[in-house]
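In what follows, a structure is listed as structure tokens, so that the remarks can point back to it.
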Amino acid sequence: MKNPVRNLVAIMAANPTATAEARVAVLALAKAKDPEGAGEDAVGRIVFTVEWEPAFKELKELSTKFKETTFILYGEAFAKQHWISKAVYLGGKATEENTFSRIDGENFRQLYQEIFGEAYAASK
């Protein structure tokens with residue numbers, strides 16, 4: 001891929017059955033987008049890579065189907081394009097959408113920590 005974007009999706013709902021059903025739907029999306037690379041990371045987020053743009057539209061659509069489930073989409077194009085993003089969807093609506101690059105200071109560092117589980121080191 002020329003412009004890969006890694007997607008990391010966390011799924012939360014009060015009802016464990018709803019969480020499980022939404023997880024199956026996101027895994028199907030991930031495997032359709034990235035048949036060889038889709039999987040889970042160490043903290044249970046569904047991970048897959050797409051070209052150019054995170055799966056904003058697809059996750060928003062899934063959130064209309066699973067109305068009581070919160071989908072948190074992290075988009076990470078840091079390796080080549082130096083930006084990271086976070087979008088939170090609930091009931092078909094975005095409750096948060098942010099994209100940051102290194103010039104965004106503390107906002108960038110906080111989201112970097114959330115995605116990677118470690119502090120950003122400027123020397124990276």
Side-chain angles (χ1 to χ4, degrees):
M1 281 184 207
K2 186 176 180 181
N3 295 296
V5 177
R6 191 169 68 132
N7 293 256
L8 301 97
V9 181
I11 303 159
M12 298 180 293
N15 178 340
T17 302
T19 302
E21 290 172 355
R23 187 169 196 73
V24 167
V26 173
L27 270 170
L29 167 67
K31 289 180 180 180
K33 295 280 188 183
D34 183 8
E36 296 178 16
E40 290 186 40
D41 68 4
V43 294
R45 297 176 296 193
I46 297 169
V47 179
F48 58 103
T49 302
V50 297
E51 181 75 24
W52 195 252
E53 181 178 67
F56 297 122
K57 180 181 175 185
E58 294 89 341
L59 264 290
K60 188 174 183 179
E61 287 174 7
L62 281 176
S63 78
T64 63
K65 182 177 180 182
F66 299 97
K67 293 188 183 307
E68 297 179 18
T69 303
T70 300
F71 296 87
I72 303 170
L73 169 62
Y74 299 99
E76 185 267 301
F78 187 71
K80 283 191 170 187
Q81 300 158 349
H82 305 291
W83 59 264
I84 52 180
S85 67
K86 178 181 180 183
V88 180
Y89 299 106
L90 177 62
K93 297 189 185 311
T95 60
E96 178 181 344
E97 290 181 317
N98 292 299
T99 299
F100 301 114
S101 67
R102 290 179 290 179
I103 64 170
D104 292 312
E106 188 58 28
N107 289 325
F108 173 83
R109 287 190 290 281
Q110 287 176 356
L111 185 54
Y112 186 96
Q113 174 81 36
E114 198 171 326
I115 292 171
F116 295 101
E118 61 183 36
Y120 173 72
S123 62
K124 286 188 180 187

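Each residue takes its place number in the sequence, starting with 1.
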If you round to the nearest 0.5 Å, how far is CZ of Phe100 from CH2 of Trp83?
12.5 Å
Which atom names give the shortest non-hydrogen contact between Thr49 and Asp34, and what distance separates them?
N-OD2, 2.9 Å
Going by the salt bridge (Lys or Arg N to Asp or Glu O under 4.0 Å) test, which pairs reach into residues 4-26, not counting sequence neighbours?
Arg6-Glu76, Arg23-Glu40
If you look at every heavy atom in Gly92 and Ser63, which pair is closest and at what distance?
N-OG, 2.9 Å
Would Asn98 and Ile84 count as a side-chain contact (heavy atoms from CB on, under 4.5 Å) if you check the C-alpha gap in whole Å, the side-chain angles of each, and the deciding distance to 0.1 Å?
CA-CA 8 Å; Asn98 292 299; Ile84 52 180; over 6 Å; no
Using a strict cut-off of less than 4.0 Å between a Lys/Arg side-chain nitrogen and an Asp/Glu carboxylate oxygen, indicate whether Lys86 and Glu97 qualify as a salt bridge.
no
Are Tyr120 and Arg102 packed together at the side-chain level, in the sense that at least one heavy-atom pair is separated by less than 4.5 angstrom?
yes
Donor-acceptor pairs under 3.5 Å, side chain of residues 64-75 to any protein atom, not counting sequence neighbours: which ones?
unit_1, atom_1, unit_2, atom_2, d
Thr64, OG1, Glu61, O, 2.5
Lys67, NZ, Thr64, O, 3.0
Tyr74, OH, Glu114, OE2, 2.5

Ile46 vs Ile11 side-chain heavy atoms within contact, under 4.5 Å
yes
Hphob cluster co-occupancy, Leu8 + Met12, side-chain heavy atoms under 4.5 angstrom
yes
Quick one, Ser85 and Phe56 - any side-chain contact, counting heavy atoms below 4.5 Å?
yes
Among all residues two or more places apart in sequence or in another chain, which pass the side chain to side chain donor-acceptor pair (under 3.5 Å) test with Asn107?
none
With rounding to the nearest 0.5 angstrom, report the CD to CG distance, Gln110 to Asp104.
11.5 Å
Shortest non-hydrogen contact between Gln113 and Ala119, atoms and distance
OE1-N, 3.0 Å
Can you tell me if Glu106 has over 12 outside heavy atoms packed within less than 6.0 Å of its CD?
yes
Would you give the length of the straight line joining atom CZ of Phe108 to atom NE2 of His82, rounded to the nearest 0.5 angstrom?
9.5 Å
Please tell me if the side chains of Asn7 and Val47 come closer than 4.5 Å, counting only heavy atoms from C-beta onward.
no
Show the numbers, then the answer: is there a side-chain contact (heavy atoms from CB on, under 4.5 Å) between Arg45 and Val9?
CA-CA 5 Å; Arg45 297 176 296 193; Val9 181; 5.9 Å; no
Mind checking whether Tyr89 and Thr95 have side chains closer than 4.5 Å, heavy atoms only?
no
